[in-house]
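Everything on this sheet refers to the single structure shown next.
When reading the values below, keep in mind they use all heavy atoms of this one structure, side chains included, and skip hydrogens, waters and symmetry mates. Along the sequence shown, the residues carry numbers beginning at 1. As the structure lists them, so they are numbered: ligands from 1, and atoms in each ligand from 1.
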Amino acid sequence: MMSENWKKKNRRIKGGISVLLMSAILCGCSVSKTMQTSTLFAMDTVMELQIMGDEELLREGENKIRTLEKELSVTDDDSEIAQLNASGKQELSEDVANLMNEALGICDSTGGALDITIYPVLKGWGFTTSEYRVPTDGEITELLENVDYHKVELGGSCIIPKGTEVDLGSVAKGYTARMLYEYFTEKGVTSGLINLGGNVQCIGSKPNGDAWNVAVKSPFKDSASGILGVIKASDEAVVTSGGYERYFEEDGKTYWHIIDPATGKPAENGLISVTIIGKDGLLCDGLSTALFVKGLDGAVEYYHEYGKASDNEDTNIDTNSENSFDMILVTDSEEVYVTKGVADRFSLASEYYNLNVHVIN
Ligand code: ADP
Ligand code: MG
């Protein structure tokens with residue numbers, strides 16, 4: 001027998017549904033104002049798009065990802081980048097020229113810790129084909145002769161010297177995330193979450209107004225949950241780079257895919273994970289790679305010079321510029337460093353409660 005309570009609840013739910021339908025009809029908005037999701041494989045990673053808006057927008061977002069992938073891929077012979085690398089001279093589409101220009105700006109500001117011409121060295125280590133090997137020091141020295149982003153001439157067309165090759169892999173996903181953010185918000189989307197393989201871009205907040213909870217991957221191999229912690233974020237990008245993403249082991253030593261352009265070897269400057277949180281997805285992506293290369297001291301120094309606009313306590317004025325950023329760093333001695341702007345909205349996963357957390361002022 002149905003209880004009175006159940007019947008009452010059922011009536012309430014039915015009533016709720018009809019009120020919803022009525023208001024949808026009255027305000028002319030379609031049922032598309034629900035969360036739409038899509039998963040695709042692109043740029044060598046699993047991507048998840050989630051927006052409050054029309055499904056059509058998602059399809060268009062997917063198309064835009066595919067187009068950028070075709071333009072940027074360093075391995076697809078038809079891409080602008082592959083053609084530039086093959087011939088040394090290439091006219092670039094507006095998208096690619098803009099991205100290259102901005103990437104060169106990050107190469108500059110990070111003193112070459114990011115270097116978009118690192119590709120020959122990456123190939124030498126086998127990271128481009130998964131046929132991993134440790135090159136000899138002599139080989140590395142030779143390969144490094146081709147590496148220097150200053151050699152990239154970006155004018156009417158792009159020109160690089162013979163032997164030099166460009167790879168925008170360190171910023172491509174960030175650029176894509178920013179492009180999607182711009183596209184969706186222009187179309188009126190006020191809530192969404194774009195996850196391009198750990199390269200996360202929040203659009204607004206959750207539909208209920210709360211900040212999004214973005215998981216930061218654990219850099220520790222024996223992690224139970226796979227998650228270092230969770231950061232609350234709204235309208236921001238959260239991008240993590242770590243040695244654990246792609247690596248190989250030889251003779252008990254781990255070699256990963258983030259290369260220090262100063263040595264031509266996997267960057268070993270004391271950090272195992274760098275997460276950058278900021279307004280601009282492209283900048284966050286570039287910096288997550290570059291500050292991983294720079295190491296703890298270099299990253300903190302860079303943050304003091306460029307990142308701090310948001311926490312000017314003295315004036316209490318919101319000086320949050322497009323380029324300011326926050327960061328979460330994990331060292332190889334298992335210490336966690338967070339900047340002030342995220343200290344009270346980042347929480348460690350329970351398995352990491354014992355880690356020391358230091359706040360960078
Ligand atoms: P992921 O692509 O795993 O998310 P990153 O954004 O940190 O990680 O980018 C790493 C990629 O960038 C590497 O796979 C390689 O293609 C390229 N790369 C590695 N080291 C450098 C560097 N110092 N400067 C520019 N690009 C780099
Ligand atoms: Mg990056």
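Contact record, Met100 with Cys158: CE-SG, 3.8 Å, taken as the closest heavy-atom pair. Residues Glu62 and Ser38 come closest through the heavy atom pair OE2-OG, 2.6 Å. Residues Gly124 and Leu143 come closest through the heavy atom pair CA-CD1, 3.9 Å. Shown here for Asn361 and Lys340, the closest heavy-atom pair between the two residues is OD1-CD, 2.7 Å.
Contacts between Leu114 and ligand 1 below 4.0 angstrom, taking non-hydrogen atoms only, involve backbone and side chain alike. Contacts of Leu122 with ligand 1, taken as heavy-atom pairs under 4.0 Å, involve the side chain alone.
Ion pairing of Lys70 with Asp78 is absent here, as no side-chain N (NZ or NE/NH1/NH2) approaches a carboxylate O to less than 4.0 Å.
Protein heavy atom nearest atom 20 (N) of ligand 1, with residue, atom name and distance: Ile259 N, 3.0 Å. Atom 17 (C) of ligand 1 has as its closest protein heavy atom Asp167 OD2, 3.9 Å. At the shortest separation from atom 21 (C) of ligand 1 among protein heavy atoms lies Ile118 CG2, 3.8 Å. When only non-hydrogen protein atoms are considered, atom 12 (O) of ligand 1 lies nearest to Ser170 CB, 3.3 Å. Nearest protein heavy-atom neighbour of atom 25 (C) of ligand 1: Asp115 O, 3.2 Å.
Clustering ILVMFWY residues whenever any of their side-chain heavy atoms sit less than 4.5 angstrom apart, transitively, puts Val239 in a cluster other than the one holding Tyr303. Under the 4.5 Å side-chain heavy-atom criterion for Ile, Leu, Val, Met, Phe, Trp and Tyr, Leu355 and Ile227 are members of distinct hydrophobic clusters. No path of Ile, Leu, Val, Met, Phe, Trp and Tyr side chains, each step under 4.5 Å between heavy atoms, connects Tyr244 with Ile258, placing them in separate hydrophobic clusters.
Ligand 1 places these atoms under 4.0 Å from at least one heavy atom of Arg246: 14 (O). In summary, the atoms of ligand 1 found under 4.0 Å from a heavy atom of Ile258, numbered by their order in the structure, are 7 (O), 19 (C), 20 (N). Listed by number with element, the atoms of ligand 1 under 4.0 angstrom from any heavy atom of Pro261 are 23 (N). Ligand 1 places these atoms under 4.0 Å from at least one heavy atom of Asp285: 6 (O). Heavy-atom proximity to Lys173, at under 4.0 Å, picks out these atoms of ligand 1: 1 (P), 2 (O), 4 (O).
Around atom 7 (O) of ligand 1, the closest heavy atom drawn from Ser241, Ala103, Gly112 belongs to Ser241.
Residue contacts with ligand 1 include Ala113, since one of its heavy atoms falls under 4.0 Å from the ligand. In this structure, Gly198 has no heavy atom closer than 4.0 Å to ligand 1.
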Exercise. Stepwise, does the salt bridge (charged side-chain N to carboxylate O under 4.0 Å, His left out) test hold for Lys253 with Glu268?
Worked result: CA-CA 12 Å; Lys253 200 169 156 35; Glu268 272 190 290; 3.2 Å; yes

Problem set entry | Stepwise side chain to side chain contact (heavy atoms under 4.5 Å, CB included) test for Val342 and Thr339 | CA-CA 6 Å; Val342 288; Thr339 52; 3.8 Å; yes

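Considering backbone and side-chain atoms together, His257 places an N or O closer than 3.5 Å to an N or O of ligand 1. Taking any N or O of Thr289, backbone or side chain, at least one lies under 3.5 Å from an N or O belonging to ligand 1.
Cation-pi check for Lys294 over Tyr302 is not met; the charged atom does not lie both under 6.0 angstrom from the ring centroid and within 45 degrees of its normal. A cation-pi arrangement, defined by a distance under 6.0 Å to the six-membered ring centre and an angle within 45 degrees of its axis, is absent between Lys123 and Tyr119.
When ring centroids are compared, Tyr132 and Phe127 come within the 6.0 Å threshold.
Residues Phe41 make up the rest of the hydrophobic cluster containing Val46, defined by ILVMFWY side-chain heavy atoms closer than 4.5 Å, directly or through other members.
Any protein N/O/S atom under 2.8 Å from the Mg ion (ligand 2) was counted, giving 4 altogether.
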